Structures are given as C-alpha cells and as structure tokens.
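Below, chains carry the letters A, B, ... as their sequence lines are ordered, and counting in each starts from 1. All values derive from a computational prediction rather than experimental measurement. The analysis underlying the following values was restricted to heavy atoms, covering all of them including side chains, and did not include hydrogens, waters or symmetry mates.
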Amino acid sequence: MTYIIDKIYGQVAGAVKESIERAVGEGLLPPGTVISEISIEMPKERIHGDFSCNAAMGMAGSARMAPVRIAGIIASGMDFTGTYIKRVEVAGPGFLNFFADDGWLRDSVADVLSMGGDYGKLDIGKGRRVMVEYVSANPTGPLHMGNARGGALGDLIANVLKKAGYDVTKEYYVNDAGNQIEKFAQSLELRYLQQINGPDSVVFPEDCYQGGDIIDHARNYIESGLEDLSGKPSDYRRKMLAAYALPINIENIRKGLKRYGIEFDNWFSEQSLYDSGELDETIEFLMENGHTMEKDGALWFKSGSMESEKDEVLVKSDGFKTYFASDLAYHRNKFKKRGFDRVINLLGTDHHAHASRLKNSMPALGIDSDRLDLVLFQLVRLMRGGETVRMSKRTGRAVSLDELLDETGVDAARFFFNMKASGSHLDFDLDLAVKQSNENPVFYVQYAHARICSMLRILGREGIDTGSDACPSLDLLTKDEEKDLMRILALYPQEISISARTLEPGRLTRYVIDVATAFHSFYNACRVKGEEKELMEARLALVKATLSVIRNVLDVLSISAPEKM
RNA sequence: GUGCCUGUAGCUCAGCUGGAUAGAGCAACGGACUUCUAAUCCGUAGGUCAGGCGUUCGAAUCGCCUCAGGCACGCCA
C-alpha cells in the first residue's frame, strides 16, 4: 500500500539522493561524503515550504563544507519531472525546502474517497501474528481505574496493529491460581462465617480483601440456598466459596469490559498451566538447561550474567509455585505452543521490575527477548476532595470501572485515557469528572461528525446526490482552509504507521482533534450548499472525505460516531 | 539507599532517533449567528522547557550532577 504522502516523501528523498550522487560524481562534493539517512519533514511554517530536508546539515561534517554551500550544490542540480514537487529553496542554516503542487492534496482526497474504511491500512505487519495482552486484572474483585487506562490503551494498540497489517489476538490472562486466590478464598470464608455466626465471631485480618463485594458474595451464597458450609472443613469451605465467587467475578469483568467496548479474543487461565502440566514442563526445561539452583529448600531461577538482576524463586520451600514461574510458563506457551511472532504486554509501572525480569528471562526459554514488548503505563491517581485516594483492592476503596463509566460515559473515558502518553502520570479528579466530560474534546470531534451528517442530510433533501462514489474535479479547492483540511486528511496513514511502530497510539486522539479543528475552520470559511455547482461538488467531496476519516479514526478508537448531537 | 519513570504557559498535556520564531486544549480577555448544527469560528495575552555544567554550527531533545514527585526493590501477585 503506497499512499500519496509516502510517494511524495519518496520523491523528495529520491531527488535529494540522486542530486548528491551526481554532485559527488562531478566532483562538486568530496568523494568521501557520507550520505546520512535522508529524513523529510513537514515544516511548521508555510514559508519553509511543504516539505523540508536537512541532509546538507547532516553531511557537513564528512564533506568538510558549510551546510549552506552543500545545500546550494544539491539544490542546483535537481530534476522534478514526474513528481509533485515544483521547486526547491535553500534556507536558514542549510535546509532544503520543497514546494509541492497542490495535486498531491487532491490525489490524497481521491484516495480517501475511493478507499473508504480501508484508508489508513498498512502492510507493515506483513500478516505476522501478534498477541496483545492487557487488563489481566486479578479476578478477586471489580475492575478499577488503573484497569480502565490499561484497557483503553491496550485495546487501541491492538486495533492500530490490526490496521497496520498484523494478525492480532487480544488476550486476557486470568490469574485464577496462586496465592491471591488463596487469600480470596480465605476472605470469602471469613465473611461467610461472619454471616453465619455474627460479625464478631472471627477476626478479619488486614491483609484480606476488605471490599464490600466479598461480603456480598458470602451473603449471596447463603441466600441462593447452596450447600451449608458451616460444619464443613475449612479447606472444603474455601474451595466451594471460591468456586462460587470466581466465575461471578470473571463474568462481571467480562460484562464491564464489554460495556467499555473491549472484547477479548481469548481468556487464558493461569490454572490451565497447572492442569496441563505446562508449568511443570517449563520448570523441568529450565532445570535441564542449567537455569536453576536449589537454596534453602526452594528452587531458584538463576538470572543471567547480569549482576544487578536478582535471582527469583520458582518453587517455594512449601512446594507452591510462584507467580514468576507460571508467568514463564505462560510466555513459553505464547511463543512456543501457540507460535506468536510477537507478544506485547501492557502493565502498570508498579509491575515494572517483574516485567523487565520476565523479559530478561526469555532467552532461558529459548526465546529472543526482542519478540516481547512491554508497554508500561503510569497508574491513575485518583483525587477526591483534593486528596489522593489509594486504589487497592485490599483496602476496598477503589473506584470501579462501572462507576467511572456512569459518570463520564464510555466515549469520554476511552478518549480521555488515550489523550496522554502512557508514560505520563494521570490525575483523575473525581469531583471534576462530570464537568470534565462536558469539556472533553471527544464531544468536539463527535460534533464535527454530527455536523457533517447534518449537512449531508440537508443537501440530500434538496435533491443533491450525496452518496456518489465518484470523485469530481477538486481543482477549485484553493482556499487555505480547504487545503489545510486536505493536508491533514492526507496524513492519516503516517499517524497509523507511527502509532504502530512506537506503540504510542495516543497521538491518534490528537490527530482526530486536528481533523475536527480543520473541518470546523473550513465550515466557517466555506459554504457548500448554495455554491455554484462545480465548487459545491468539490467541497461536498472534501466534506465526505472528512467524514470518512473521522469515522475511521473513531472506529480505531472504538468510540461512537453519532449522526446527531 | 539502589533502579526505572516524570518535571514544558495559571491548569491538563504535545513536541524528545538534535534543527528554523517551543505548540494545542481548558481557563482569561476582545470579536463573529436573519445563512449547511455557536457543543463552532476568528483574534489577543500568557514561557528561566525544574536548576546547573558539558557535547557542537545548533539542545526542550543527547551526557553528567542537583532538586522535586511517582513506582519498584518479598520463598506476594
């Protein structure tokens, strides 16, 4: 897939490269001149041209000449026949500034119209299979704000990679085994006993799950008339209560995420690694390959040569396997059993240490650690009444995803969480949440969409064909507002490309705001209805292309595109 | 104490593989609706890019140091 924007970048870079080679051949530039990678950018200032190249500055060192002189030599011998470029200027410290014919803008709009929803698709993924694992919250309680951020980000990354040509699988890792499940079962048991024997009958320890949902589970269990557990052994009681509550929690998580617009292709159970024997296989594999050692009755994973890395316990002295062990088995499963080419894990920064240890451990499993990408996002800090609210399931004071969505709505929440780079902190002021939802840029973008829909409705009512796929002549679109809008539409493939490469797709929210801004400016400067036929048709085509791109981006963001507001 | 992340306009944040006069939204101020949606547009104002030193033609961007905040350092997950 080659877009106009890629083509014109190629034309500029090609012309520069050709000109440099010829100048070297003719002795105008010294033979040893190193041609650095030719990078093209679009200058902020229009007087600096449509595209600019700083190759001359990069070559100054090896050519032992002033950048301006080199730029002059390159510029003087350029051939632009058969390209969108009209002319070149040397400016500033040695920039080569290129001025393009507006034809590239018109051709881009034509592409948008002909490709529709496929516009922006790329083949950089080459169909490779990539798994994006995100949310993966412990099923011991409801989803909270941190999960909301990770969910919005992970889902967007997955959607972008799909758009970029990867074969994407979205996966949720269900931590339904291990220590926190024990703690969950114990908490349930104690709440159960409190229900039966009164609140003071047992002590409820601080390290148990304090949330009210645990109490609800205990009460619901009793009220639903299931087996009376009061006289049974503790082990059995815990097992039954956990077996009762866990599926309910998982189902609630699933429903909550669905409401949030997230549907996973696969829910992978940690317990299944125990049941299938893969966990034991993995540990044996590590032992056979000399990556383990025994100490103090426990089995340890020997970290590589890195002195700073600490060794990790795989099997505790009491025989229980650690989370680290099952995570290794899980990743062995992802790469070896299921054959993913690439795996992306989203994690809160509080798991940073664990995550980098996991990544560094991949070679011990025979996996190139470059195939595992970690996307770390800063946790959401919740502010209420000017105070920080700690979000921990154990303290039971977390704000749930459902509560958040009740206040802000799905669209605003998903947009909001993707407006900031993953690495930046995010303070969420609950008191401002409702007010903020009115100011949220998502409405600005949706408004542009609704406005266009309204325009098309009215034009259609006047008997104008708004559904035609044909692209009329766009030669009459010469005003700044029209060209600015065309230009921003032409940039979409690059936005997808950069988002996919950097795994930082938050820029798409900013991009679609820019599209909306350019459209609103156009709307105020140019009329469609009532203009002379040819101009009206050209503007109508531009408006339709804008609608298509806005819809396209909102679709990737999984945000609704209302036709009326 | 050690490691990682963050520090840019009053607020929330872009920009960070070095490039031209550091951008946007909100808030503030001044304008624009008898016209396809004013949830909009146009304009004004707003900066020691936390601070310091260095690297070079050029630093918000790269390196070192300091300061401030967050997170992690368990036979927890």
- prompt: Is the aromatic ring of A:H352 within stacking range of B:A72, meaning centres under 5.5 angstrom and planes under 30 degrees?
  reply: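 Given the distance and angle limits, no, they do not stack.
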task: Using the six-membered ring for Trp and the full ring for Phe, Tyr or His, decide whether A:F95 stacks on the six-membered base ring of B:A20 (centres under 5.5 Å, planes under 30°).
output: yes
Heavy atoms only, 4.0 Å cut-off, all strands: where does [X] land among base, sugar-phosphate and nothing?
{"X": "A:N97", "value": "base"}
{"X": "A:G178", "value": "nothing"}
{"X": "A:T322", "value": "sugar-phosphate"}
{"X": "A:S424", "value": "sugar-phosphate"}
{"X": "A:H48", "value": "base"}
{"X": "A:D296", "value": "base"}
{"X": "A:Y523", "value": "base"}
{"X": "A:A421", "value": "sugar-phosphate"}

Can you check the [X] [atom1] to [N] [atom2] distance for me, whole Å?
{"X": "A:L456", "N": "B:C36", "atom1": "CG", "atom2": "C1'", "answer": "10 Å"}
{"X": "A:F522", "N": "B:C36", "atom1": "CZ", "atom2": "C1'", "answer": "10 Å"}
{"X": "A:L535", "N": "B:C36", "atom1": "CG", "atom2": "P", "answer": "17 Å"}
{"X": "A:D411", "N": "B:A39", "atom1": "CG", "atom2": "C1'", "answer": "15 Å"}
{"X": "A:N524", "N": "B:U40", "atom1": "CG", "atom2": "P", "answer": "11 Å"}
{"X": "A:M59", "N": "B:C57", "atom1": "CE", "atom2": "P", "answer": "17 Å"}
{"X": "A:E270", "N": "B:A77", "atom1": "CD", "atom2": "C1'", "answer": "9 Å"}

- request: Could you check which nucleotide pairs with B:A60 in any of the strands shown, counting Watson-Crick or G-U wobble with both distances under 3.5 Å?
  value: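 Per the H-bond distance test, none.
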- prompt: OP1 or OP2 of B:A39 sitting under 4.0 Å from any side-chain N/O of A:Y447?
  reply: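 For A:Y447, the contact criterion (side-chain N or O under 4.0 Å from OP1 or OP2 of B:A39) is met.
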- request: Determine: side-chain N/O of A:S521 to OP1/OP2 of B:C42, distance under 4.0 Å, yes or no.
  value: yes
Span that lies between the [atom1] atom of [M] and that of [N], in whole angstrom:
{"N": "B:C16", "M": "B:A60", "atom1": "C1'", "result": "7 Å"}
{"N": "B:G18", "M": "B:U40", "atom1": "C1'", "result": "39 Å"}
{"N": "B:G47", "M": "B:G10", "atom1": "C1'", "result": "12 Å"}
{"N": "B:U55", "M": "B:C64", "atom1": "P", "result": "15 Å"}

task: Could you go through the salt bridge (charged side-chain N to carboxylate O under 4.0 Å, His left out) check for A:D327 and A:R357 one step at a time?
output: CA-CA 11 Å; A:D327 220 11; A:R357 247 174 270 135; over 6 Å; no
- request: Using the closest heavy atom to pick a nucleotide of RNA chain B for each, name whichever of A:R527 or A:L376 lands nearer the 5' end.
  value: A:L376
message: Is the positively charged end of A:R149 above the ring of A:F417, judged by distance under 6.0 angstrom from the centroid and angle within 45° of the axis?
response: no
Listed nucleotide nearest any side-chain atom of A:R451, set B:A38, B:U6, B:A20: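 Among B:A38, B:U6, B:A20, the one nearest the side chain of A:R451 is B:A38.
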field: Heavy-atom check, side chain of A:I283 versus side chain of A:F301, under 4.5 Å
entry: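 No - every pair of side-chain heavy atoms lies 4.5 Å or more apart.
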task: Check whether any side-chain heavy atom of A:Y444 lies under 4.5 Å from a side-chain heavy atom of A:T517, and answer yes or no.
output: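 Touching, per the 4.5 Å side-chain cut-off.
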message: For A:T282 and A:Y330: C-alpha separation, side-chain torsions, deciding distance, then whether side-chain hydrogen bond (donor to acceptor under 3.5 Å, both in side chains) applies.
response: CA-CA 9 Å; A:T282 302; A:Y330 180 36; over 6 Å; no
